[in-house]
2 protein chains.
Amino acid sequence: MTASRIRESALRMFAEHGYEGASLAIIASEVGIKKQSIYTHFSGKDELFQEVFLETVNKQIRFLHDYFSNKQKQDVESLLYGFLKGFFVRYEEDEGAKFFLRSIFFPPAHMKDMTGEQGNQFVHGLEDILVPIMEEAKNSGVLEGSLSSRAAAIAYTAVLDAIWVELLYAGPERGMERLKAAWLVYWRGVGANRK
Amino acid sequence: MTASRIRESALRMFAEHGYEGASLAIIASEVGIKKQSIYTHFSGKDELFQEVFLETVNKQIRFLHDYFSNKQKQDVESLLYGFLKGFFVRYEEDEGAKFFLRSIFFPPAHMKDMTGEQGNQFVHGLEDILVPIMEEAKNSGVLEGSLSSRAAAIAYTAVLDAIWVELLYAGPERGMERLKAAWLVYWRGVGANRK
DNA sequence: ATTATCCTGACGAACGTTCGGAAGGGGTGG
DNA sequence: CCACCCCTTCCGAACGTTCGTCAGGATAAT
């Protein structure tokens, strides 16, 4: 299918050069067609970007829910740590990660509203999943009782963001280093008071 | 001075629309001149970008060293927490923050080498400052002894990155929320074993 | 015959850049 | 004081290139 090959190439191009820097001519040549032929499958550059973006966001959200609905029975530690590692391996091999981050943090000016909405949906989806988990962990005595569930969840998303930022900036090697260090400190930090 | 007004406008433009998305014509019109006049002060778009970028990076590095050389006498907790807050207020009002992050994470393709080099210089500069601080804090019993200084430093940079990422994405309100939560957990996490 | 797909050709607009010259100020020599 | 030249700053006009996009036709499959 030509349309999906266009989407694949566009994803790489948008990720690497951004919306303004990506050229339909180059995308087309990667697919082996002329740029005008893109208009057979998409109404224009905007629609192409939007389709690729929404597809990518949905993939992220789906991964989110899949993970936490399947592994709810695990203990909290491996549940949370496993999610970090899951994102790690996912973002290591997935071309969409860079595109996702770039589009959310630095969207094309005339699409800021749309990307912002989708981004918030992802963030809130994650928080809505995390807070109950923290709450439950507090009740079972794994997490420090004086710590608010919301704070524990926010700090966790901070760890998550820090990891993919490092992954994006410095690559898997240093990303893994940060993953280990940040998780170690985080888990010590939220753990119930030792005696 | 016209040249510096061009730099100011270019900074905002590059931050908001990226290298490819920024237009010399628009930058010039903001200054009140025609785009050709830019070439009186800069040899081209590349040099303009590079000057603004280097200026911005140097400002960041200078802030880094200024802070830690002036406040070395403080206790470790307020030293480290103060630096986070310093970055916070700095990045809240500084137009250069967005430009700095954007240029380092998503640089124009033909300048990847230069921006990467500068970025690494900043990161290593920070680490070289942090590790000795952690080492000293460990010796004085403030930090958990079984924790490596390097891990404590890496986790700290993770907190820092997470804060400015949230600041950039969601604004000061949520940025501050994350700052508080992440610091709370971090400081609990690296603290010496309570009894 | 209809439909899907890709093409050639061309469009106007914007891009960064170059050239030549117009204005203006400052300093120097007559 | 004036005339000269230099030097800085800016602009009009134009360059070649690339951009996204549109119209119309060719080809092949259904």
Side-chain angles (χ1 to χ4, degrees), chain A residues 1-56 98-99 102-103 106-115, chain B residues 1-56 98-99 102-103 106-115:
Chain A
M1 193 55 105
T2 310
S4 66
R5 295 183 56 219
I6 294 176
R7 271 188 291 262
E8 286 172 24
S9 175
L11 176 76
R12 279 200 310 278
M13 239 42 199
F14 285 141
E16 193 65 27
H17 302 98
Y19 178 86
E20 289 91 356
S23 147
L24 292 186
I26 296 182
I27 292 174
S29 86
E30 271 199 13
V31 178
I33 59 175
K34 301 292 169 185
K35 62 174 176 174
Q36 302 92 317
S37 303
I38 293 180
Y39 287 77
T40 302
H41 309 278
F42 305 93
S43 75
K45 197 182 188 181
D46 282 10
E47 185 181 289
L48 175 57
F49 177 86
Q50 181 156 331
E51 272 197 26
V52 174
F53 176 74
L54 289 180
E55 194 178 83
T56 303
K98 198 172 187 177
F99 171 71
R102 180 168 204 155
S103 304
F106 307 106
H110 64 288
M111 291 183 155
K112 214 170 181 172
D113 292 352
M114 179 235 145
T115 58
Chain B
M1 193 58 104
T2 310
S4 66
R5 295 184 55 219
I6 295 176
R7 271 190 290 264
E8 287 171 23
S9 175
L11 175 75
R12 279 200 310 278
M13 239 42 198
F14 285 141
E16 193 65 26
H17 302 99
Y19 178 86
E20 290 91 355
S23 147
L24 293 187
I26 295 181
I27 292 174
S29 85
E30 271 199 13
V31 179
I33 58 175
K34 300 292 169 185
K35 61 175 176 174
Q36 305 93 306
S37 305
I38 293 180
Y39 289 78
T40 302
H41 309 278
F42 305 93
S43 76
K45 196 182 188 182
D46 281 11
E47 185 181 288
L48 176 57
F49 177 87
Q50 181 156 330
E51 272 196 27
V52 174
F53 176 74
L54 289 180
E55 195 178 84
T56 303
K98 197 172 186 177
F99 172 71
R102 180 168 204 156
S103 304
F106 307 106
H110 65 287
M111 291 182 155
K112 214 170 181 172
D113 292 352
M114 179 236 145
T115 58

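From a predicted model like this one, the values you see are computed outputs, not experimental measurements. Within every chain, numbering begins at 1; the chains are lettered A, B, ... in the order of the sequence lines, protein sequences first and strands thereafter.
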Novice: Nearest whole Å is fine: how far is C/dT5 P from A/Arg5 CZ?
Specialist: 14 Å
Novice: Within the structure provided, determine whether B/His110 and B/Asp46 are in side-chain contact (heavy-atom separation under 4.5 Å).
Specialist: yes
Novice: To check you understand the geometry: which heavy-atom pair defines the closest contact between A/Pro107 and A/Thr115, and what is its length?
Specialist: CB-OG1, 3.2 Å
Novice: Within this structure, what is the CG-to-P distance between B/Leu48 and C/dC15, rounded to whole angstrom?
Specialist: 15 Å
Novice: Check whether any side-chain N or O of B/Arg7 sits under 3.5 Å from a backbone N or O of B/Val52 as a donor-acceptor pair, and report yes or no.
Specialist: no
Novice: Taking atom P of C/dT18 as reference, at what distance in whole Å does atom CZ of B/Phe42 sit?
Specialist: 16 Å
Novice: Quick one: A/Ile38 CD1 to C/dC7 P, roughly how many Å, whole number?
Specialist: 10 Å
Novice: List, with names and distances, any nitrogen or oxygen atoms from the protein found under 3.5 Å away from nitrogen or oxygen atoms belonging to nucleotides 21-24 of chain D.
Specialist:
unit_1	atom_1	unit_2	atom_2	d
D/dT21	OP2	A/Tyr39	OH	2.5
D/dT21	OP2	A/Lys45	N	2.9
D/dT21	O5'	A/Tyr39	OH	2.8

Novice: Grab the N/O contacts between the protein and nucleotides 5-10 of chain D below 3.5 Å, and write none if there aren't any.
Specialist:
unit_1	atom_1	unit_2	atom_2	d
D/dC10	OP1	B/Thr2	OG1	3.0
D/dC10	OP2	B/His41	NE2	2.6

Novice: Any side-chain heavy atom of B/Phe53 within less than 4.5 Å of one from B/Met111?
Specialist: no
Novice: Would you check if B/Met13 and B/Ser23 make a side-chain contact, meaning some heavy-atom pair closer than 4.5 Å?
Specialist: no
Novice: Measuring centre to centre across the rings, with the benzene-like ring taken for any Trp, is A/Phe49 within less than 6.0 Å of A/Phe42?
Specialist: no
Novice: Are the side chains of A/Val31 and A/Ile38 in contact, using a 4.5 Å heavy-atom criterion?
Specialist: no
Novice: Return yes if some donor-acceptor pair links the side-chain N/O of A/Ser9 with the main-chain N/O of A/Ile6 below 3.5 Å, else return no.
Specialist: no
Novice: Whole angstrom is fine here: how far is it from CD1 in A/Ile26 over to P in D/dT17?
Specialist: 16 Å
Novice: What's the shortest heavy-atom distance between B/Tyr19 and B/Lys45, and which atoms?
Specialist: O-NZ, 2.8 Å
Novice: Rounded to whole angstroms, how far apart are NE2 on A/His110 and P on D/dG20?
Specialist: 11 Å
Novice: Identify whether any heavy atom of A/Ala3 sits under 4.0 Å from a base atom; if not, whether one sits that close to sugar-phosphate; answer base, sugar-phosphate or nothing.
Specialist: nothing
Novice: Charged N to carboxylate O below 4.0 Å: is that the case for A/Glu16 and A/Lys98?
Specialist: yes
Novice: Considering every strand and a 4.0 Å limit on heavy-atom distances, what is the contact class for A/Ala22: base, sugar-phosphate, or nothing?
Specialist: sugar-phosphate
Novice: Angle, rounded to 10°, between the helical axes spanning five pairs at each terminus of the helix from C/dG12-D/dC19 to C/dG30-D/dC1?
Specialist: 20°
Novice: When you compare the side chain of B/Thr40 with that of B/Ile33, does any pair of heavy atoms fall below 4.5 Å?
Specialist: no
Novice: Rounded to whole angstrom units, what separation is found between the OH atom of B/Tyr19 and the C1' atom of C/dC15?
Specialist: 11 Å
